[in-house]
Visitor: 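First, the structure itself, so that you have it in front of you.
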Amino acid sequence: MIAPEDCRTMAEVRAGVDALDEQIVTLLGTRMRFMDAAARIKAERGHVRDEERKAAVIAHARQVAAQVGFPPEIVAELYDRLVEASIAYEFDRFDAIRR
């Protein structure tokens with residue numbers, strides 16, 4: 001993949017974005033498998049939603065974003081949605097495991 005600063009055409013930009021999107025989606029898939037593990041490990045359904053942990057995850061993402069030059073406000077919005085989707089997924093998995 002060409003570095004962004006080396007791109008000279010929109011085709012190169014798009015190829016780079018597509019390659020990164022594949023990596024991001026692959027990592028998100030791995031992240032969801034950790035939600036599978038959490039659903040398996042947690043003893044009570046009430047433990048699935050943990051607002052303190054949610055806040056910590058978003059704060060950490062904001063910190064990393066600031067370190068790498070990504071707008072922290074954008075990453076906070078993305079991570080709020082990601083964590084909410086992860087919680088919903090974990091609830092579904094928790095319920096499926098215990099049926």
Side-chain angles (χ1 to χ4, degrees):
M1 176 176 30
I2 297 173
E5 55 275 4
D6 294 333
C7 290
R8 299 289 177 252
T9 68
M10 284 308 300
E12 292 171 339
V13 169
R14 291 178 180 136
V17 168
D18 290 347
L20 282 174
D21 285 345
E22 288 180 23
Q23 292 176 30
I24 291 167
V25 172
T26 299
L27 289 170
L28 289 171
T30 302
R31 190 182 195 286
M32 281 303 184
R33 288 199 308 278
F34 280 105
M35 299 306 99
D36 290 330
R40 178 176 39 82
I41 292 167
K42 290 179 181 175
E44 297 179 29
R45 192 175 197 274
H47 293 161
V48 172
R49 176 168 289 281
D50 182 344
E51 291 298 327
E52 188 174 314
R53 174 64 180 153
K54 177 183 173 182
V57 168
I58 294 171
H60 181 253
R62 288 179 68 96
Q63 179 184 13
V64 172
Q67 291 170 354
V68 301
F70 189 88
E73 302 77 28
I74 294 173
V75 85
E77 284 182 44
L78 291 169
Y79 265 75
D80 184 72
R81 178 69 184 107
L82 175 61
V83 172
E84 284 300 321
S86 297
I87 291 168
Y89 177 84
E90 188 180 333
F91 271 125
D92 288 345
R93 297 305 307 140
F94 186 93
D95 293 342
I97 291 168
R98 284 151 182 84
R99 281 190 197 148

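Everything quoted here is computed from the prediction, not taken from an experiment. Throughout, residue positions are numbered sequentially from 1 according to the sequence presented.
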Visitor: Could you pull out every donor-acceptor pair under 3.5 Å between side chains of residues 67-81 and any protein atom, sequence neighbours left out?
Guide:
| residue | atom | partner | partner atom | Å |
| --- | --- | --- | --- | --- |
| D80 | OD1 | K54 | NZ | 2.9 |

Visitor: Under 4.5 Å between side-chain heavy atoms, hopping through other hydrophobics if needed: is there a path connecting I87 to L82?
Guide: yes
Visitor: Transitively linked via ILVMFWY side-chain contacts under 4.5 Å: M32 with V48?
Guide: no
Visitor: Which pairs, with at least one residue in residues 29-49 and sequence neighbours excluded, count as a salt bridge (charged side-chain N to carboxylate O under 4.0 Å, His left out)?
Guide: D36-R93, K42-E90, R45-D95, R49-E51, R49-E84
Visitor: Name the atoms and distances for all side-chain donor-acceptor pairs under 3.5 Å in residues 10-24, with sequence neighbours left out.
Guide:
| residue | atom | partner | partner atom | Å |
| --- | --- | --- | --- | --- |
| E12 | OE1 | R8 | N | 2.5 |
| E12 | OE1 | T9 | N | 3.2 |

Visitor: Group every Ile, Leu, Val, Met, Phe, Trp and Tyr by side-chain heavy-atom contacts under 4.5 Å, then state whether I58 and M35 land in the same group.
Guide: no
Visitor: Connecting only ILVMFWY residues whose side-chain heavy atoms lie within less than 4.5 Å of each other, what is the rest of I97's hydrophobic cluster?
Guide: none
Visitor: What residues, two or more places apart in sequence or in another chain, satisfy side-chain hydrogen bond (donor to acceptor under 3.5 Å, both in side chains) together with D92?
Guide: none
Visitor: When clusters are formed from ILVMFWY side-chain contacts under 4.5 Å, directly or step by step, what else is grouped with I2?
Guide: none
Visitor: Are V57 and F91 connected into the same hydrophobic cluster when the rule is that any two of I, L, V, M, F, W, Y join if their side-chain heavy atoms are below 4.5 Å apart?
Guide: yes
